[in-house]
Each structure stands twice: as C-alpha cells, then as structure tokens.
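Atoms within a ligand are numbered from 1 in the order they appear, just like the ligands themselves.
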Amino acid sequence: MSKLKTVSFLAVGLLLSAAATLAQAAPNAALNAKFGVCFSCHGVDGHAILPTYPNLAGQNKDYLVQTLREFRDGTRPNAIMGAMAKPLSNSDIDQIAMYFADIKPGSK
Ligand code: HEC
C-alpha cells in the first residue's frame with residue numbers, strides 16, 4: 001500500500017471513530033447533565049454498578065414511571081430513592097423512564 005493510501009485509510013478510520021463517539025455522546029449529553037446521578041448507581045446503560053442496586057435496562061416504562069412517582073410522593077418509602085426522586089417533575093420521570101425502558105437488557 002502506498003504511503004498516501006495508508007494515510008487516507010487512517011484518516012477515514014479516525015473520522016469514522018470520531019463520528020461513532022459523537023453518536024454515542026450526543027444523545028447522552030443532556031441526559032448526563034440531568035440524570036448523571038442516577039447513572040452513577042444504575043449505570044448509564046441501565047446495568048447497576050453494584051449487585052445491591054436494581055438493573056433498569058429494559059424495564060417496563062409504565063412501571064418505571066409509576067415507581068418513580070411513588071418514591072417521590074412517599075408511597076414507596078426508600079431512603080435513597082425518596083431523596084433521588086424528590087426533585088423530579090412528571091416530565092423528568094417520563095424522560096428517564098423512556099430512556100431506561102429503551103435499553104436492551106443484557107446489552108452491557
Ligand atoms: C446511591 C445509589 C442510587 C442513586 C444515585 C439512584 N438510585 Fe435508584 N435505586 C437505588 C436502590 C438501592 C434502589 C432499590 C430501592 C428499594 O429497595 O426499593 C433503587 C431503585 C430504583 C428504581 C426502582 C427499581 C425497581 O425495580 O423497582 C428506579 C426506577 C430507580 N431507582 C431510578 C432511579 C433514578 C431515575 C435515579 C436518578 C434520579 C436514581 N434511581 C438514583 C439506588 C440508587
């Protein structure tokens with residue numbers, strides 16, 4: 001392979017991997033700002049970082065909405081999640097529920 005070909009090959013490879021990185025980062029940038037704290041326990045991919053935390057990937061969206069409202073409103077009392085859900089609006093809850101529900105379970 002000529003030097004020029006090798007260089008352009010590398011350049012295309014770099015562009016592709018940069019595009020792939022952007023594609024992964026972009027949808028999460030806004031979510032990270034808002035829900036980064038959730039990801040610190042439940043994982044950005046919905047797979048919990050510790051075995052004592054629940055995995056949320058692929059969980060039913062309606063269940064996630066319901067249980068987050070219960071944590072927030074105190075009808076499902078839990079010290080950690082009560083505090084976590086407290087500042088969430090109904091639309092925040094819909095957004096994060098949709099996010100976790102859309103992840104394929106086991107796709108770690
Ligand atoms: C410090 C770790 C931690 C953080 C941060 C955290 N969670 Fe949790 N989460 C837990 C634990 C532990 C449970 C299990 C609570 C229980 O026993 O009911 C839980 C439960 C849940 C459940 C219910 C799962 C089920 O199967 O019933 C949902 C939904 C949830 N968390 C979403 C969130 C969201 C959204 C955020 C961010 C706003 C968040 N969590 C932040 C640790 C955490």
Side-chain angles (χ1 to χ4, degrees):
M1 203 185 284
S2 78
K3 231 182 198 160
L4 186 62
K5 258 189 189 160
T6 313
V7 168
S8 55
F9 211 75
L10 281 175
V12 169
L14 280 176
L15 275 179
L16 283 177
S17 63
T21 309
L22 279 180
Q24 281 170 356
N28 289 342
L31 283 171
N32 265 324
K34 214 176 192 176
F35 302 112
V37 64
C38 318
F39 301 149
S40 71
C41 287
H42 295 289
V44 71
D45 59 1
H47 295 82
I49 56 131
L50 286 180
T52 49
Y53 297 158
N55 294 328
L56 302 178
Q59 182 54 274
N60 293 329
K61 181 194 169 246
D62 290 352
Y63 171 80
L64 291 171
V65 168
Q66 177 180 290
T67 200
L68 282 167
R69 288 180 181 212
E70 288 170 355
F71 282 132
R72 182 188 63 190
D73 302 340
T75 50
R76 178 174 167 180
N78 179 263
I80 299 175
M81 283 309 305
M84 288 300 143
K86 201 162 214 137
L88 302 179
S89 68
N90 286 345
S91 77
D92 292 337
I93 288 179
D94 287 349
Q95 193 183 7
I96 193 65
M98 212 177 301
Y99 173 81
F100 282 126
D102 269 354
I103 301 173
K104 212 170 142 208
S107 60
K108 217 177 200 183

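Within the set Cys41, Pro77, Ala83, the minimum heavy-atom distance to atom 1 (C) of ligand 1 is found for Cys41. The option with the heavy atom closest to atom 33 (C) of ligand 1, from among Met81, Met84, Gln59, is Met81.
The environment of NZ in Lys86 is sparse: at most 12 heavy-atom neighbours from other residues, nucleotides or ligands sit within 6.0 Å.
Scanning the protein heavy atoms around atom 37 (C) of ligand 1, the nearest turns out to be Cys38 SG, 1.8 Å. When only non-hydrogen protein atoms are considered, atom 5 (C) of ligand 1 lies nearest to Val37 O, 3.2 Å. Among protein heavy atoms, atom 28 (C) of ligand 1 sits closest to Leu56 CD2, 3.9 Å. Nearest protein heavy-atom neighbour of atom 13 (C) of ligand 1: Pro54 CD, 3.4 Å.
The shortest N or O to N or O distance between Arg76 and ligand 1 is under 3.5 Å. Between His42 and ligand 1, at least one N/O pair is under 3.5 Å apart. Checking only distances, Tyr63 does come within under 3.5 Å of ligand 1, N or O to N or O.
Not close to ligand 1: Phe35, with no non-hydrogen atom less than 4.0 angstrom away. Within the 4.0 Å heavy-atom cutoff, Phe100 does not count among the residues contacting ligand 1.
Metal site remark for atom 8 (Fe) of ligand 1: Tyr53 contributes no N, O or S atom at a distance under 2.8 Å.
Between the side chains of Ser89 and Asp92, a donor-acceptor pair is found at a separation under 3.5 Å.
When each atom of ligand 1 is checked for a heavy atom of Asn78 under 4.0 Å away, the hits are 15 (C), 16 (C), 17 (O), 18 (O). Close approach of ligand 1 to Leu64 is summarised as follows: ligand atoms under 4.0 Å from at least one heavy atom of the residue are 29 (C). Near Thr67, with a cut-off below 4.0 Å to any heavy atom, the atoms of ligand 1 are 23 (C), 29 (C).
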